[in-house]
Amino acid sequence: MKIDKVMEWDDQVEATICCSVGEIKFAFFAVDYYCNKRKYVVGQSMTIDLAALAMRVQEASHSFSFEGQQAIDWLAKSGRTPDYDENGNVLPVTFNLEKLVAFLNHDSKCPDEAEFQSPVGTIEKTSVLGVDFFKTMIMIARRDTEEGDLDVSVPLYFRQDFFPNVKEGDPVSGWLWVTGSITEQHEQGQDNAEEEEYNCLGKMAADFEYSMDEFDFKCFDDIMFVLDKLSLLKIRKGYKLDAFKKGNSTGSRFQAYCCKENSAIQYDPSEGKPYDDSMYIHNTISYEEADAVPDYMTYFQVPFTKEGIMQAWLLRSLTDFMPLGWHSCYGSKVFVFETGRIEHLFSPENTNDRMKVSEQVLAFDLERLLPNVIISDNHATIEYAYWNDWTGLVKMKVDVEKNGDGVQFGEPQEEVLVAYKSPIRF
């Protein structure tokens with residue numbers, strides 16, 4: 001199909017895609033948009049896996065008829081004369097609807113939803129979250145063209161109790177929602193599918209980093225914008241995410257924290273009172289005072305999925321995505337969220353000192369350095385890599401444990417893949 005329009009949602013990780021197959025136009029909700037948004041380009045043609053979920057299904061009418069004067073009028077419009085029975089009554093004009101295909105969108109704001117009718121294909125049974133469903137194939141469009149018949153078919157899932165006695169070939173009608181995802185990872189085989197999974201997490205992290213780079217940290221009331229890119233995480237009701245600067249005369253960095261939404265009391269370390277989350281922090285405080293501020297991760301619900309854990313790690317690592325001051329710049333990192341970042345650092349046009357180790361770095365399979373999350377029951381491991389000009393190419397592993405409705409991170413395990421120390425001094 002061809003991509004005609006991308007309707008990105010406010011959260012920037014979801015989108016409804018308007019598309020066309022020949023002259024047939026429809027829309028679908030892109031379930032993979034959060035990790036494939038750069039591939040959904042207007043004018044691009046691609047193969048999409050489609051599926052529809054029916055919110056309502058019933059057996060459709062098998063036929064309808066015009067009788068009497070209605071039959072006469074309809075026949076007259078088509079230039080035909082009526083037939084009569086032995087008593088002189090006009091025979092009804094009957095229309096068979098068993099093969100009728102209809103797909104009608106009634107709301108331009110929700111183009112991926114539609115009223116439909118279609119005969120069904122083979123009936124299969126399945127179950128989702130303990131609810132029994134039928135799966136079958138329906139057509140959402142059928143056209144006669146100069147090149148031949150053009151059909152668009154999709155799998156339809158609907159609750160068994162909607163139409164318990166449905167049989168192959170039955171006409172059904174109702175209301176459905178069309179979803180889709182780019183087929184590429186399924187066509188390329190298992191190895192490439194795993195690679196695409198790496199790419200998904202990496203693109204999620206890269207999008208997050210881009211949004212952080214665009215924010216002006218010189219003046220802000222809070223950093224709740226961060227959660228726009230971390231939509232799977234839920235902050236405790238009544239609280240907001242904020243940040244303060246910690247440091248001294250030789251360097252500084254930002255640290256995130258949570259406080260009550262309407263906090264009116266400013267934390268003042270000179271008063272000798274310990275910090276609590278009814279206070280907000282305005283000025284720069286020392287590293288020691290910052291250590292006493294409660295861990296903001298305990299204020300968040302985190303789904304224990306790969307994407308949820310990845311977003312939780314991004315949230316936990318906020319300091320690395322916010323400005324660094326003076327000597328703190330020794331800790332700056334270039335994360336391997338996309339292979340192109342490392343390739344750019346060591347591209348031929350760069351003539352700086354780090355080019356001494358370019359061959360060693362580029363000898364690695366950079367795809368395998370992209371972020372990955374491995375889950376086993378209530379335990380997970382997140383792997384990622386970064387470049388630092390005073391350490392080199394580093395691969396990290398962090399253990400993650402499910403902790404109630406949140407997560408708890410262990411101490412990172414560091415492996416220096418290529419050692420390097422820049423001669424630059426701050």
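Computed from a predicted structure; not experimentally measured. For the numbers below, each heavy atom of this structure counts, side chains included, while hydrogens, waters and symmetry mates do not.
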Counting distance only, does the side-chain N/O of [X] pair as donor-acceptor with the main-chain N or O of [Y] below 3.5 Å?
| X | Y | result |
| --- | --- | --- |
| Glu289 | Ser286 | yes |
| Asn388 | Ser332 | yes |
| Tyr275 | Met279 | yes |
| Thr381 | Asp399 | no |

Any chance the rings of [X] and [Y] have centres within less than 6.0 Å?
| X | Y | value |
| --- | --- | --- |
| Phe215 | Phe225 | yes |
| Phe208 | Phe321 | yes |
| Phe254 | Phe244 | no |
| Phe134 | Phe163 | no |

Supply the atom-to-atom distance [X] [atom1] to [Y] [atom2], rounded to the nearest 0.5 angstrom.
| X | Y | atom1 | atom2 | result |
| --- | --- | --- | --- | --- |
| Ile140 | Leu104 | CD1 | CG | 11.5 Å |
| Glu261 | Arg236 | CD | CZ | 12.5 Å |
| Ile123 | Asp170 | CD1 | CG | 7.5 Å |
| Ile281 | Asp268 | CD1 | CG | 11.5 Å |
| Tyr157 | Lys135 | OH | NZ | 4.0 Å |
| Asp222 | Cys258 | CG | SG | 10.5 Å |

Would Leu50 and Val178 count as a side chain to side chain contact (heavy atoms under 4.5 Å, CB included) if you check the C-alpha gap in whole Å, the side-chain angles of each, and the deciding distance to 0.1 Å? CA-CA 7 Å; Leu50 296 175; Val178 184; 4.3 Å; yes

List, one per line, each side-chain donor-acceptor pair under 3.5 Å for residues 410-426, sequence neighbours excluded.
unit_1	atom_1	unit_2	atom_2	d
Tyr420	OH	Asp353	OD2	2.7
Tyr420	OH	Arg354	N	3.1
Ser422	OG	Ile424	N	3.1
Arg425	NH1	Ser422	O	2.8

Between [Y] and [X], is there a side-chain heavy-atom distance shorter than 4.5 Å?
| X | Y | answer |
| --- | --- | --- |
| Val172 | Phe162 | no |
| Pro155 | Met137 | yes |
| Asp365 | Glu367 | yes |
| Ile182 | Thr47 | no |
| Pro294 | Tyr299 | yes |
| Val128 | Val131 | no |
| Phe158 | Leu53 | no |
| Val6 | Ile3 | yes |

For Val334, the side-chain contact (heavy atoms from CB on, under 4.5 Å) test, sequence neighbours excluded, returns Arg341, Leu345, Trp387

Report the residues that fulfil side-chain contact (heavy atoms from CB on, under 4.5 Å) with Thr319, sequence neighbours left out, ordered by chain and then residue number. Arg253

Identify the heavy atoms of [X] and [Y] that sit nearest to each other, and give their distance.
| X | Y | value |
| --- | --- | --- |
| Ser211 | Lys229 | OG-CG, 3.5 Å |
| Pro274 | Tyr267 | C-CE1, 4.2 Å |
| Ala380 | Ile309 | CB-CD1, 3.6 Å |
| Tyr280 | Ser263 | CD2-O, 3.7 Å |
| Pro171 | Gln117 | CB-NE2, 4.5 Å |
| Phe133 | Arg159 | CD2-N, 3.7 Å |

Sorted by chain and residue number, the salt bridge (Lys or Arg N to Asp or Glu O under 4.0 Å) partners of Asp291 (sequence neighbours excluded) come out as none

Here's one to test your reading of the geometry: is the NZ or CZ of Lys333 within 45 degrees of the ring axis of Tyr386 and under 6.0 Å from its centre? yes

Can you establish whether the number of heavy atoms outside [X] located under 6.0 Å from its atom [atom1] is more than 12?
| X | atom1 | value |
| --- | --- | --- |
| Asp221 | CG | no |
| Lys245 | NZ | no |
| Asp161 | CG | yes |
| His379 | NE2 | yes |
| Gln266 | CD | yes |

Could you go through Ser173 and Glu115, starting from their C-alpha distance and side-chain angles, then the distance that decides it, and tell me whether this counts as side-chain hydrogen bond (donor to acceptor under 3.5 Å, both in side chains)? CA-CA 7 Å; Ser173 62; Glu115 186 178 6; over 6 Å; no

Mind running side chain to side chain contact (heavy atoms under 4.5 Å, CB included) on Phe26 and Met1 for me, showing each step along the way? CA-CA 10 Å; Phe26 60 99; Met1 60 183 60; 3.8 Å; yes

Using a distance-only test with no angle check, is there a side-chain donor-acceptor pair under 3.5 angstrom linking [X] and [Y]?
| X | Y | result |
| --- | --- | --- |
| Tyr40 | Asp32 | yes |
| Glu124 | Thr136 | no |
| Tyr239 | Asp277 | yes |
| Tyr33 | Glu8 | yes |

Extract all donor-acceptor atom pairs below 3.5 Å that involve side chains of residues 310-318 and protein atoms in other chains or at least two apart in sequence.
unit_1	atom_1	unit_2	atom_2	d
Gln311	OE1	Ser231	N	3.3
Gln311	OE1	Leu232	N	3.0
Trp313	NE1	Ser317	OG	3.3
Ser317	OG	Trp313	O	2.9

Stepwise side chain to side chain contact (heavy atoms under 4.5 Å, CB included) test for Phe337 and Leu370: CA-CA 6 Å; Phe337 294 153; Leu370 295 173; 5.6 Å; no

How are the rings of Trp177 and Phe29 set to each other: parallel, tilted or perpendicular (split at 30° and 60°)? tilted

Full working for ring-ring contact (aromatic ring centres under 6.0 Å, His included) between Trp175 and Phe116: CA-CA 6 Å; Trp175 193 270; Phe116 79 98; 9.3 Å; no

Does the side chain to side chain contact (heavy atoms under 4.5 Å, CB included) test come out yes or no for Met46 and Ile48, once each step is laid out? CA-CA 6 Å; Met46 58 179 63; Ile48 299 290; 3.7 Å; yes

Can you give each donor-acceptor pair under 3.5 Å made by side-chain atoms of residues 14-22, sequence neighbours left out, with the distance rounded to 0.1 Å?
unit_1	atom_1	unit_2	atom_2	d
Thr16	OG1	Trp9	NE1	3.2
Ser20	OG	Asp4	OD1	3.3
Ser20	OG	Asp4	OD2	3.1

